[in-house]
Amino acid sequence: MDQAVRKRRHSASSATDADVLIIGGGPAGLAAAIYLGRFRHRVVVVDANEARAMLIGESRNCPGFPEGISGADLLHRLRAQADKYGATLVQGQVSSIEPTVGGFGAETNTGRIVARKIFLATGIVDLVPAIPGLREAIARGSVRLCPVCDGYEVIDHRIAVIGEEAKALREAMFLKQYTQHVTMLARYLPDFSVSTRRVAMEENIAICDAFERFVPADSGYDALLEDGEVRHFDVIYPATGCQVRSELALAMGVKCCDDGYVVVDKHQRTSVEGVYAIGDLVKALNQIAVAFGQAAIAATDAHNDFALGYE
């Protein structure tokens with residue numbers, strides 16, 4: 001991170017007044033900060049340094065980077081760009097938000113921030129089963145979390161999909177367009193229903209029952225079965241869902257769907273006036289390109305609303 005960004009972060013406790021407070025410093029939040037900064041608004045981004053994009057070892061489907069880019073490098077570039085256009089980047093957490101006259105007051109571990117509008121970009125957390133050396137495996141591509149993002153990279157690889165049956169079957173069927181070597185793992189025979197097994201058989205997807213645990217191998221993982229058999233896989237895809245970080249939204253009275261995602265309109269506005277939601281927090285295709293698009297839409301709408309409200 002360059003010196004200007006570090007300096008701005010260090011002095012952020014004095015930046016208590018903003019046009020827009022963005023909560024979350026992933027691709028969505030930072031892209032919104034860039035747009036709003038270029039619209040010449042005062043922007044504060046509060047980031048807990050837990051962006052899901054940090055887990056990306058190398059993305060090859062992010063537009064503009066044909067040779068691929070790591071999540072850490074992408075976030076570094078976005079932070080520098082947001083700083084260039086005047087955004088204040090605060091490393092911290094927002095504990096609560098309440099309405100104030102003309103806006104909102106947010107309590108953070110670095111002080112109180114008052115803003116006219118709020119952008120929620122708090123994202124999701126992937127739920128992943130116990131896999132030895134998980135973080136390192138994600139970095140090297142032995143464990144992958146998004147077949148839409150990186151299915152192309154596993155062409156002809158031996159794939160294991162583990163998770164709840166409906167999610168696992170859906171993911172396995174998606175991956176079949178890249179490789180014929182797809183296996184769904186079950187810990188117990190009843191984990192997969194007769195109908196799921198029938199569909200898997202029709203799609204030529206193997207099912208391996210009595211899975212016990214994964215053991216790291218030189219390349220990928222070995223799956224140990226109860227009877228002692230060992231199956232080797234190049235890549236593991238967990239299909240276990242995610243936890244939506246919508247606690248702040250719910251505490252503010254923002255409407256969320258049954259799965260916890262924030263409900264928005266075509267401008268990314270939530271049910272609470274002055275509050276927008278962007279990125280993985282919104283139920284859509286969880287992709288960096290989508291996050292950028294949502295950020296641009298929300299930032300432009302907020303800017304237009306500000307312009308209409310000026311006296």
Side-chain angles (χ1 to χ4, degrees), residues 1-2 5 22-38 43 45 47-85 87 89 119-126 128 134-157 159 171 174-175 177-179 234-239 242 244-245 261 264 268 276-300:
M1 183 181 302
D2 60 35
V5 176
I22 300 173
I23 304 169
L30 292 170
I34 293 166
Y35 269 78
L36 289 163
R38 288 175 58 84
V43 182
V45 180
D47 179 35
N49 200 29
E50 297 175 349
R52 186 174 181 241
M54 282 293 294
L55 295 172
I56 300 173
E58 184 176 59
S59 173
R60 293 182 178 272
N61 80 326
C62 184
F65 297 95
E67 301 305 317
I69 186 170
S70 71
D73 189 11
L74 180 64
L75 291 172
H76 171 80
R77 291 169 182 245
L78 291 169
R79 290 185 193 113
Q81 193 172 0
D83 176 77
K84 178 179 179 179
Y85 295 111
L89 308 179
F119 276 37
L120 297 173
T122 47
I124 61 174
V125 178
D126 293 289
V128 182
L134 177 62
R135 200 170 189 89
E136 296 80 6
I138 292 174
R140 67 175 181 266
S142 296
V143 174
R144 296 180 179 269
L145 303 175
C146 176
V148 174
C149 303
D150 51 34
Y152 189 91
E153 275 65 53
V154 301
I155 291 175
D156 295 334
H157 284 46
I159 307 299
E171 199 147 305
F174 182 89
L175 287 162
Q177 65 188 302
Y178 297 105
T179 176
D234 302 311
V235 179
I236 302 168
Y237 272 95
C242 65
V244 185
R245 287 173 165 160
Y261 293 97
V264 296
Q268 305 298 133
Y276 295 77
I278 55 178
D280 292 348
L281 184 64
V282 177
K283 192 168 188 176
L285 186 62
N286 293 341
Q287 297 285 290
I288 292 170
V290 173
F292 286 166
Q294 292 174 339
I297 290 169
T300 303

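This chain uses plain numbering: 1 for the first residue, then up along the sequence.
Between D83 and R79 there is no salt bridge, since no side-chain N of the basic residue sits under 4.0 Å from a carboxylate O of the acidic one. Salt bridge annotation for E153-R144: absent, with no cationic side-chain nitrogen under 4.0 angstrom from a carboxylate oxygen.
Annotation: the span from R60 atom CZ to D150 atom CG amounts to 11.5 Å, rounded to 0.5 Å. Atom-to-atom distance recorded for C146:SG and L285:CG is 7.0 Å, nearest 0.5 angstrom. Considering CG of L175 and CD1 of I155, their distance stands at 11.5 Å, rounded to 0.5 Å. With rounding to the nearest 0.5 angstrom, the CG atom of L281 is 10.0 Å from the CD atom of Q268. Summarising the geometry, atom OG1 belonging to T122 is positioned 7.5 Å from atom CD1 belonging to I23; distances are rounded to the nearest 0.5 Å. Within the model, atoms CE of M54 and CD1 of I138 stand 12.5 Å from one another, a figure rounded to the nearest 0.5 Å.
In plain terms, the two heavy atoms of A28 and I278 that are nearest each other are O-CD1, 3.4 Å. G25 and D47 make their closest contact through N-OD1, 3.1 Å (heavy atoms, listed as atom of the first residue, atom of the second, distance). Taking each heavy atom of A82 and A33 in turn, the nearest pair found is CB-CB, 4.1 Å. Nearest heavy atom pair, residue Y261 against residue V282, reads CD2-C, 3.8 Å. Closest of all the heavy-atom pairs between I56 and I69 is CG2-O, 4.4 Å. I159 and T179 get closest at one heavy-atom pair: CG1-CG2, 3.7 Å.
Within 6.0 Å of CZ on R135 lie no more than 12 heavy atoms contributed by other residues, nucleotides or ligands.
With sequence neighbours excluded, no residue satisfies side chain to side chain donor-acceptor pair (under 3.5 Å) with N286.
The side-chain heavy atoms of V43 and Y35, taken from C-beta on, include no pair separated by under 4.5 Å. In this structure, I297 and Y276 have side chains that are not in contact, with every pair of non-hydrogen atoms separated by 4.5 Å or more. Contact annotation: the side chain of L145 approaches that of P238 to within less than 4.5 Å [non-hydrogen atoms, C-beta and beyond]. Between L75 and P27, some side-chain heavy-atom pair lies under the 4.5 Å cut-off. Under the 4.5 Å side-chain criterion, counting only non-hydrogen atoms from C-beta, N61 is not in contact with Y152. Within the 4.5 Å cutoff, the side chain of I34 has no heavy atoms near those of the F292 side chain. Side-chain contact between F65 and L74: present, with at least one pair of heavy atoms (C-beta onward) separated by less than 4.5 Å.
Distance alone, capped at 3.5 Å, places no donor-acceptor pair between the Q294 side chain and the A291 backbone.
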task = Kindly indicate, with the supporting measurements, whether the criterion side-chain contact (heavy atoms from CB on, under 4.5 Å) is fulfilled by V143 and L134.
result = CA-CA 7 Å; V143 174; L134 177 62; 3.9 Å; yes

